[in-house]
Amino acid sequence: MYDNNNIFAKIIRGEIKATTLYEDDKVIAIQDIFPKAKVHALVLPKGEYIDIDDFTSNADPQEIKFFFDSLSKIAKQLGIFESGYRVLTNKGNDATQTVKHFHVHVLGGELLRAF
Ligand code: AMP
């Protein structure tokens with residue numbers, strides 16, 4: 001069950017401040033507060049989805065495409081499209097998902113360690 005008191009829901013509603021890197025009516029990208037790379041954005045759909053499985057199972061196909069298409073747009077805006085970037089998402093406990101509002105991490109701006 002989605003908990004609309006999670007921190008990203010509060011950021012989307014404007015109740016908590018974040019550094020917004022990109023925003024449209026469906027998607028918002030914010031600066032990660034504890035960056036793991038020179039560029040570390042968090043991209044979230046504004047709709048209420050707990051994780052990637054909830055999103056791909058329950059969002060409209062158009063919404064899903066719009067979301068994933070926005071990643072390249074945001075990477076271009078952040079100046080990392082040409083140099084390359086990593087997209088990852090955590091789902092659930094073993095992946096250490098800490099915020100239960102679906103988001104993807106977009107990391108780049110430097111050579112990232114392989115994993
Ligand atoms: P995850 O562990 O995949 O759920 O990622 C949650 C991410 O949110 C972590 O990388 C945190 O550093 C980041 N984070 C937590 N609180 C905030 C906040 N208020 N503003 C920006 N990023 C945050």
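Read the numbers this way: they start at 1 and go in the same order the structure lists the ligands and their atoms.
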For ligand 1, which atoms have a heavy atom of K36 less than 4.0 angstrom away? 10 (O)

How long is the span from the CG atom in N5 to the CD atom in E15, to the nearest 0.5 Å? 8.0 Å

Option passing side chain to side chain contact (heavy atoms under 4.5 Å, CB included) with K46 (candidates R13, E23, E63, K26): E23

How close does the nearest protein non-hydrogen atom get to atom 5 (O) of ligand 1, and which residue and atom is it? H103 NE2, 3.1 Å

Would you say K100 touches ligand 1, if touching means a heavy atom closer than 4.0 Å? no

Side chain or backbone of T96 under 4.0 Å from ligand 1, or both, or neither, by non-hydrogen atoms? backbone

To the nearest 0.1 Å, how far is atom 8 (O) of ligand 1 from its closest protein heavy atom, and which atom is that? F8 CZ, 3.4 Å

Side chain proximity check, D32 to H105, heavy atoms < 4.5 angstrom: yes

Check whether the side chains of Y2 and N4 place a donor and an acceptor atom closer than 3.5 Å, and report yes or no. no

Protein contact of atom 19 (N) of ligand 1 - nearest heavy atom, named by residue and atom, plus distance: I7 CD1, 3.8 Å

If you measure every N or O of V99 against every N or O of ligand 1, does any of those distances drop under 3.5 Å? yes

Numbering the atoms of ligand 1 from 1, which are under 4.0 Å from a heavy atom of I30? 21 (C)

Side-chain donor/acceptor of T19 to backbone N/O of I30, under 3.5 Å: no

Identity and distance of the protein heavy atom lying nearest atom 4 (O) of ligand 1: T98 N, 2.8 Å

Is it the case that ligand 1 has an N or O less than 3.5 angstrom from some N or O of Q97? no

Given I33, D32, V104, identify the one with the heavy atom nearest to atom 18 (C) of ligand 1. I33

Check whether any side-chain heavy atom of L112 sits under 4.5 Å from a side-chain heavy atom of Y85, and report yes or no. no

How long is the gap from CD1 on I80 to NE2 on H40, to the nearest 0.5 Å? 10.5 Å

Measure the spacing between NE2 of H101 and CZ of F55 and express it to the nearest 0.5 Å. 9.0 Å

What are the atoms of ligand 1, with element, lying closer than 4.0 Å to any heavy atom of L42? 8 (O), 13 (C), 22 (N)

